[in-house]
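Here is the structure we will look at, set down as structure tokens.
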Number of protein chains: 2
Amino acid sequence: MANIYQVAERAGVSLATVSRVINGKSKVAQRTKDRVEIAMQELGYRPNSIAQSLASATSNRVGILVSVLDGPFFSNMLASIETTLRDAGKHVIITAGHSDEAKEKEAIEFLISCRCDALILCIDSISDDYLIELSDRNVQFAVINHQIPQIAERCFIVDNEQGGYLATKSAIDKGHKQIGYISGPSYKEDARLRLRGHQRALEEAGIEFDADYVYCGDYHDSSGEAGFDYLQSLDKSCTAIVCGNDDMATGVIFAARRAGINMPQQLSVIGFDDLIFARYTYPSLTSVENPISDMGTMAAFWILQTVYKQSTGNKIENLFKTRVVVRDSLSEPIFINDM
Amino acid sequence: MANIYQVAERAGVSLATVSRVINGKSKVAQRTKDRVEIAMQELGYRPNSIAQSLASATSNRVGILVSVLDGPFFSNMLASIETTLRDAGKHVIITAGHSDEAKEKEAIEFLISCRCDALILCIDSISDDYLIELSDRNVQFAVINHQIPQIAERCFIVDNEQGGYLATKSAIDKGHKQIGYISGPSYKEDARLRLRGHQRALEEAGIEFDADYVYCGDYHDSSGEAGFDYLQSLDKSCTAIVCGNDDMATGVIFAARRAGINMPQQLSVIGFDDLIFARYTYPSLTSVENPISDMGTMAAFWILQTVYKQSTGNKIENLFKTRVVVRDSLSEPIFINDM
DNA sequence: TTGAAAGCGGTACCAT
DNA sequence: ATGGTACCGCTTTCAA
């Protein structure tokens, strides 16, 4: 493949001039420019991005770390990040961290050794301290789904408290009063915030919060099943169960069906994340939309502006609001029908 | 960050020697090697992969093109490709083609302009001719899910005919005799092959094939619903419906439930691909496993061996067998219970 | 076994 | 506006 020298020679100009027309920044006479462009055409010239990177000390690579590649959660986000960055001429290198601290660190080091100009990190095992250290090392990165006060401007998060609030409020608005909650693990901040939102919705409606009606799960469907069994064992049975994520909600649906409970008439179920399969469950799952994909796009914009100094014309938002996507699993509680 | 000169200086050797210990190929005296390694340690040296690429004319990048990034179909495959290649020190650049010929070509050109050493292509709109031309241009690539006779050794495909056969055979084995089939679009080779497998299973069981009981869909769930309606309108109603993919199978399940049909007692449904949501449908979907992830890994091995001349010790297989994953949507037909 | 030096294909500064 | 040229950090002959 032709290189810049051959283009220069054919166009009868110096390679510096060819470089100028490639980058389009500095002024080149229209005539010269045309000659160069024709020469590039004729030789089928394509700038060697590797040489460009070496000479400019900018790799034009953005590294992405997600905890799992093979799940429904991040794929939309990856798609939107890829689109945004490729349109800006950046290459995306994707790695998976497998929710393991050592592997996540290793993946980050891999991305750094790839000479990525910036990283987008969706981590769940790495400590805040490590990330702060990373920022002290002048590594440019954005964090998704994790709030770190010291580097708040590069964190992009969903309003988990609001999401938890909306989920429970949507049940209350339907007339539910006895509402169980299955939470994610309490060491996770998002789980705590979603639960707090749940509490706020109850209080606002004048329903007393009873900690007995909260089961602490682990975000996996099996804990949804266990949570359902637990909530069933209580004195007053719930007419609705709000879950910290969709996986646990499907666990509830499985367990409830196994227990012969009619959904949604006897039990409403609400999830969180609105994953792709929410519409395939039976009944289809009402869930809080997690705008993970928008957050990815925003992180990409932030990098384009902050790292590459490109003005994308987008205002950077760090906090993303949620909304409830209503499907069949939410309805009025049965005692209303009885009236 | 330190460069190779600084390491050489600190170790008191030439940069050529440092290069040798980095690459570990040529002979270096143990003493010298130790000195260099200590120097690298002390300076926290990491070879600049961009400079390595430029000097060696090997980018160590592998480009991946999938039709959609934001779906469940490719994510497992991406995960396994990423793992395999990263272990081999290669960088993975991922792009999406969005099932559009122009975009797919554009993505391929993008990957080529990234100087990828090799590509893994999961395409569905690009013509064979273009790929053959690509191979004539000496672009190194593997193709997944698409058989092209002229370049068969670089194509990795699932045995669609066998999959279609197994799907229908599993229904026959349960006692079904009136089996409807909802096919993917006939211009797609995989759809034709799956249908052919269906026919073979019928013939083998002595069941006459009746083209009236085949509905030609488009691989989307809406055509599954339409296909169900069509099959219901026929004289003899089916006790089982085999579908060309899982999306159409979920369409069948939706439509059948809407029609008040009890599954699986009155109707068994079988899909193809065994996507992640197959276990979330109700009843959970029996499906033919599509070893897309294994194919990705194999394509990666092929590239490692063919392009990078690394012997991975893996025997390259181009054709992948399927198996049926049995879940609740398949059972004996009701007339057996009646006997 | 080791070193010297010529690239790899660009960028960017300094002249003109 | 254009050209000359010194890098960028490494690989890879060729000699010693």
Side-chain angles (χ1 to χ4, degrees), chain A residues 1-40 43-61 89-91 112-117 308-309, chain B residues 1-40 43-61 89-91 112-117 308-309:
Chain A
M1 180 166 286
N3 66 20
I4 199 171
Y5 290 92
Q6 296 161 0
V7 174
E9 188 180 18
R10 183 169 194 113
V13 298
S14 77
L15 86 174
T17 301
V18 177
S19 178
R20 288 186 187 102
V21 348
I22 291 171
N23 295 299
K25 292 295 166 192
S26 8
K27 263 137 252 314
V28 179
Q30 189 60 47
R31 274 201 50 191
T32 321
K33 190 172 167 184
D34 292 344
R35 283 223 308 284
V36 171
E37 273 166 355
I38 289 168
M40 297 200 304
L43 289 105
Y45 170 76
R46 300 257 199 87
N48 182 325
S49 66
I50 293 178
Q52 287 178 315
S53 294
L54 181 60
S56 64
T58 303
S59 67
N60 285 315
R61 297 177 186 172
K90 309 304 172 195
H91 312 162
I112 293 174
S113 76
C114 288
R115 250 67 185 179
C116 290
D117 299 324
Y308 293 111
K309 311 300 178 196
Chain B
M1 178 166 286
N3 65 20
I4 199 170
Y5 289 93
Q6 296 162 0
V7 175
E9 189 180 16
R10 184 169 193 113
V13 299
S14 78
L15 85 174
T17 302
V18 177
S19 177
R20 289 188 185 101
V21 349
I22 291 171
N23 295 299
K25 293 294 167 192
S26 5
K27 263 137 252 313
V28 179
Q30 188 60 47
R31 273 200 50 189
T32 322
K33 190 172 169 183
D34 291 344
R35 284 221 309 283
V36 171
E37 273 165 355
I38 289 169
M40 298 200 303
L43 286 97
Y45 170 77
R46 301 256 199 87
N48 182 323
S49 65
I50 293 178
Q52 287 179 313
S53 294
L54 183 58
S56 64
T58 304
S59 66
N60 285 315
R61 296 176 184 170
K90 308 304 173 195
H91 311 164
I112 293 174
S113 76
C114 287
R115 251 65 186 181
C116 290
D117 299 324
Y308 293 111
K309 311 299 178 195

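We name chains A, B, ... by the order of the sequence lines, and we start the count at 1 in each one. No experiment lies behind these values; they were computed from the predicted model shown.
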(request) Any chance you could list the contact pattern along nucleotides 8-16 of chain C? Use B for base contacts, S for sugar-phosphate-only contacts and - for none, protein heavy atoms under 4.0 Å, 5' to 3'. (result) BBBBBB---

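- For B:S59, the side-chain hydrogen bond (donor to acceptor under 3.5 Å, both in side chains) partners two or more places apart in sequence, or in a different chain, are B:D117.
- In this structure, B:K25 atom NZ and C:dT1 atom P are separated by 16 Å, rounded to whole Å.
- A:T32 comes within contact range of the sugar-phosphate backbone alone, with a heavy-atom separation under 4.0 Å but no base atom that close.
- The phosphate of C:dG3 has OP1 or OP2 within less than 4.0 Å of a side-chain N or O from B:T17.
- Closest of all the heavy-atom pairs between A:S49 and B:R61 is OG-NH1, 3.7 Å.
- Closest to the side chain of A:K27, out of D:dG3, D:dT2, D:dA1, is D:dA1.
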(request) Give the intermediate values and the outcome of side-chain contact (heavy atoms from CB on, under 4.5 Å) for residues A:Y45 and A:I22. (result) CA-CA 11 Å; A:Y45 170 76; A:I22 291 171; 3.4 Å; yes

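- Here the straight-line distance linking atom CG of A:L43 with atom CD of A:Q6 works out to 6.5 Å at 0.5 Å rounding.
- Taking each heavy atom of A:V18 and A:V7 in turn, the nearest pair found is CG1-CG1, 3.9 Å.
- Residue B:N60 forms a side-chain hydrogen bond (donor to acceptor under 3.5 Å, both in side chains) with just one option from B:H91, B:K90, B:R115, B:Q52, and that option is B:K90.
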